[in-house]
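Below, each value reflects all heavy atoms present in this structure, side chains not excepted, and no hydrogens, waters or symmetry copies.
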Amino acid sequence: MIEKEYEAIVIGSGHAGCEAGLALARMGHKTLILTMNLDSIAFLACNPSIGGTAKGQLVGEIDALGGEMAINADKAMLQLRVLNKGKGPAVQSLRAQVDKNKYHTEMKKTLEKEKNIDLLQSEVSEILTENGKIVGVKTTYNEIFLSKVVIVCTGVYLKARIIMGEFEKNTGPNGFEPANKLTESLISLGVKINRLKTGTPARIDGTTIDYSKFEIQPGDELNRSFSYINLKDAKNTHSCYLGYTSLETKKIIEKNISLAPMFNGFVTGVGPRYCPAIETKIMRFNDKEKHQLFLEPESADTKEIYVQGISTSMPVNIQRQIYASIPGLENAKIMRFAYAIEYDAIDAQQLFPTLQLKTVEGLYFAGQINGTSGYEEAGAQGIIAGINGARYIENKEPLILKRNQAYIGVLIDDLVTKSITEPYRMMTSRAEHRLVLRQDNCDIRLTELGKKIGLVTNKRYKIFNKKKEQIQRVYKLLDVYYSPEKVKSLFIRKNETLPKSGISLKDMLKRTNITIFDLKQEFDIFENISDSVLEYVETEVKYEGYIKRENEIINKNKAQENLVLPSDIDYLKLNGLRLEARQKLKEIRPVTLGQASRIDGVSPADINVLIIYLKLRGEN
């Protein structure tokens, strides 16, 4: 039964599905979003926060391209902080504690208001193709929807099961139904499936916590919001709290480790290395007597508190003992038990950097289905899949962000190029050019691009141009020189050596102890300039030499990075390549020489063989 024809269909309404659907619709394409449950739209299944180390950059980049995640985080914000403030700007990131109920509600409103989006609660059972191209999908209600593009954003729902000790249930997160039918359809299309695992901690009654045994973690008084277009002060209506497990916690887990599904073989999926369960941390770092945890509010309209750092899949009676052994939680009441969740995901090496499946035109994948963890990684993939789906419909060149352009470029390049054996989490250490991929310059890097592809609105672009004008004003003001006498009081107060002749504000700013806000106060300048602009310019000035050196490295590597590898190369017949390199290159089919150089098993010698081959072929 053919129900209706759309230009694009998005399967799933999590963070990837929302960004993909909005990108397609806002670029002018009639889009259907199919979801297992309308109440799960943009659901924060785990921690009630957006952003974090490196993840904040992803959210900023989604925002700069014209996405929704940062705007929605601002609407639902309970607290905003800058992480790694004591370190360099390359690793500083924003993190927003958000109201999970409001986040869902506001994103659902956004989707409902979008004229090019239809929402339907229905399970997809089959992806329909003809001659290697997408033609639509079929649901469990036997409805068929035709489409040129399908984007799979199923998160952790494919054949999901939750585990607590020996208890298991085929269900998605938070009791939402799993998607049990789609995996077989993917397998029939030749898609390789992996089994992964993640988990979530218990939620406890906040009125039963002894907060005196925890250290308060208030928000930062920032004159900005998460999104670059929301020119407001950060909202800090709630606090988080820092605490620690005890020696008793360790003893309880060690005594009952045979009951842990991760250790007795009941859980078979591969879990995330960088967000392990408390029993994994206890056994892996057995010399440590205590481990850090945070108490985070779930919403303004509930007393539930999320216990970050104490994820577990232990039986519920052991969970009660674990949480009661934590100082301050001795009398805490558990409202929702912790659990592990297993689910099907795909091997993302089967995708092009556009996130399109290599073997089916018009079929894209985004989010945790690709083996990532985290809302931010999902949203980042979603907006790129949506953009590329739209450009496929329009017969335009796809958008592929490079590693030196964005964290999104690093994320997707890693997924489609490297062997990912566990849920992938973005970290600053993964980005080799992180000094030029900062939180404060996401809009400078990507807004022009977002405007060019048609996703950045005129309103956003006007705000962006105003910011650029302010930046230019600040640079002009920094060119003003002052005599040694005029700067004497400032230099003495800041313990800086006095200059022997006139000095510009820019050179003053390069002094270690002098900030741009010192200059603003001392010389009564920078009127009507936002703090975010001042902070951006300060970073650019203080790290000018390092940034210049980084850009030189980027430019030096650009030729190799951008050199396109023809799609018809027969790697198995290419003399000079080692056998492993031939097999890996044939399997992944890298788009550029730069991507080829990052494939596991491809050596620098193999890259030289490819360079010689391209020269002989006349491709350079």
Side-chain angles (χ1 to χ4, degrees), residues 13-15 18 37-52 55-56 59 63 68-83 94-113 173-176 200-212 214-227 229-243 293-311 323 328-329 331-338 374-376 379:
S13 63
H15 307 285
C18 289
N37 193 325
L38 290 170
D39 295 330
S40 67
I41 289 174
F43 183 68
L44 302 174
C46 200
N47 55 311
S49 68
I50 297 293
K55 293 170 177 278
V59 181
D63 187 60
E68 196 68 22
M69 181 172 274
I71 294 172
N72 210 49
D74 285 342
K75 291 177 183 177
M77 188 181 294
L78 300 174
Q79 184 194 86
L80 187 64
R81 298 183 67 195
V82 178
L83 303 187
L94 285 177
R95 183 180 190 271
Q97 200 70 33
V98 298
D99 184 319
K100 70 186 303 178
N101 296 332
K102 189 171 184 180
Y103 191 91
H104 152 73
T105 301
E106 292 296 333
M107 189 66 88
K108 186 168 183 280
K109 285 180 185 177
T110 301
L111 296 180
E112 289 174 344
K113 289 177 182 177
N174 204 52
F176 291 121
T200 191
R203 275 66 164 178
I204 58 179
D205 183 341
T207 64
T208 62
I209 297 171
D210 182 358
Y211 288 100
S212 68
F214 292 87
E215 178 185 334
I216 191 169
Q217 301 279 298
D220 293 333
E221 297 302 319
L222 300 172
N223 295 318
R224 63 182 175 191
S225 295
F226 219 127
S227 172
I229 67 171
N230 291 336
L231 306 177
K232 302 174 183 177
D233 292 349
K235 289 187 291 186
N236 290 307
T237 59
H238 289 65
S239 292
C240 299
Y241 294 84
L242 168 65
L293 64 101
F294 291 91
L295 303 180
E296 301 178 345
E298 289 257 296
S299 171
D301 57 14
T302 180
K303 59 184 181 180
E304 290 183 71
I305 299 295
Y306 177 91
V307 190
Q308 186 195 133
I310 312 295
S311 174
Y323 286 100
L329 302 185
N331 300 307
K333 295 179 180 178
I334 294 177
M335 297 179 69
R336 302 181 200 239
F337 287 108
Y375 317 136
E376 303 81 6

- Message: Can a side-chain donor-acceptor contact be found between Asn331 and Asp210 if the only test is distance below 3.5 angstrom?
- Response: no
- Message: With a 4.5 Å cut-off on side-chain heavy atoms, are Phe226 and Ile71 touching?
- Response: no
- Any side-chain donor paired with an acceptor under 3.5 Å for Asn230 and Ser225? no
- Task: Keeping the roles fixed (side chain from Asp74, backbone from Ser227), state whether a donor-acceptor pair exists under 3.5 Å.
- Result: yes
- Within a strict 4.5 Å, meaning less than it, do heavy atoms of the Leu242 and Phe214 side chains meet? no
- Message: For the backbone of Pro48 and the side chain of Gln97, can you confirm whether one donor and one acceptor N or O come within less than 3.5 Å of each other?
- Response: yes
- Query: Run the side-chain contact (heavy atoms from CB on, under 4.5 Å) check on Glu221 and Asn236 step by step: do they pass?
  - Reply: CA-CA 8 Å; Glu221 297 302 319; Asn236 290 307; 3.9 Å; yes
- Query: What is the distance from atom OG of Ser49 to atom CG of Leu80, rounded to the nearest 0.5 Å?
  - Reply: 11.5 Å
- Task: Taking the side chain as every heavy atom from C-beta outward, state whether Arg224 and Leu94 have any pair of such atoms under 4.5 Å apart.
- Result: yes
- What is the minimum heavy-atom distance between Asp99 and Ser299, and which atoms define it? OD1-OG, 2.7 Å
- Minimum heavy-atom separation for Ala73 to Val98, with atom names? O-CG1, 3.7 Å
- Inter-residue atom distance His104.NE2 - Asn72.CG, 0.5 Å rounding: 10.5 Å
- From Ile209 CD1 over to Leu295 CG, what is the distance, rounded to the nearest 0.5 angstrom? 5.0 Å
- Message: Can you confirm if the aromatic rings of Tyr241 and Phe294 lie within a centre distance of less than 6.0 Å?
- Response: no
- Task: Keeping the roles fixed (side chain from Tyr103, backbone from Lys75), state whether a donor-acceptor pair exists under 3.5 Å.
- Result: no
- Item | Where Cys18 and Met107 come nearest, the two heavy atoms and their spacing | SG-CG, 3.6 Å
- Give a yes or no on whether a salt bridge exists between Lys100 and Glu106, defined as a side-chain N under 4.0 angstrom from a carboxylate O. no
- Item | Residues Glu304, Ile204; criterion side-chain contact (heavy atoms from CB on, under 4.5 Å); working and verdict | CA-CA 5 Å; Glu304 290 183 71; Ile204 58 179; over 6 Å; no
- Item | Side-chain donor or acceptor of Tyr375 paired with backbone N/O of Asn47 under 3.5 Å | yes
- Between His238 and Pro297, the two heavy atoms sitting closest are CB-CG, 3.9 Å
- Message: Looking at Tyr323 and Ala202, would you say the former's side chain and the latter's main chain have a donor-acceptor pair under 3.5 Å?
- Response: yes
- Cys240 versus Glu296, closest heavy-atom pair with distance: SG-CG, 4.0 Å
- Message: Closer than 4.0 angstrom, basic N to acidic O: yes or no for Lys55 and Glu376?
- Response: yes
- Query: Can you find a heavy atom in the side chain of Thr110 that is under 4.5 Å from one in the side chain of Lys113?
  - Reply: no
- Output yes when a side-chain donor or acceptor of Thr208 lies under 3.5 Å from a complementary backbone atom of Asp205, and no otherwise. yes
- Message: If you define the side chain from C-beta out and look only at heavy atoms, does anything of Gln217 sit under 4.5 Å from Ser239?
- Response: no
- From Asn37 CG over to Ser13 OG, what is the distance, rounded to the nearest 0.5 angstrom? 8.0 Å
- Message: Show the nearest heavy-atom pair for residues Pro201 and Ala338, with the distance to one decimal.
- Response: C-CB, 3.5 Å
- Message: If you define the side chain from C-beta out and look only at heavy atoms, does anything of Ile50 sit under 4.5 Å from Leu44?
- Response: yes
- Item | Check: Asp63 side chain, Ala70 main-chain N or O, donor-acceptor pair, under 3.5 Å | no
- Report yes if some heavy atom in the side chain of Asn174 is under 4.5 Å from a heavy atom in the side chain of Phe43; otherwise report no. yes
- Query: Can you find a heavy atom in the side chain of Thr237 that is under 4.5 Å from one in the side chain of Gln79?
  - Reply: no
- Query: Could you state the interatomic distance from CG (Asp39) to NZ (Lys108), rounded to the nearest 0.5 Å?
  - Reply: 7.0 Å
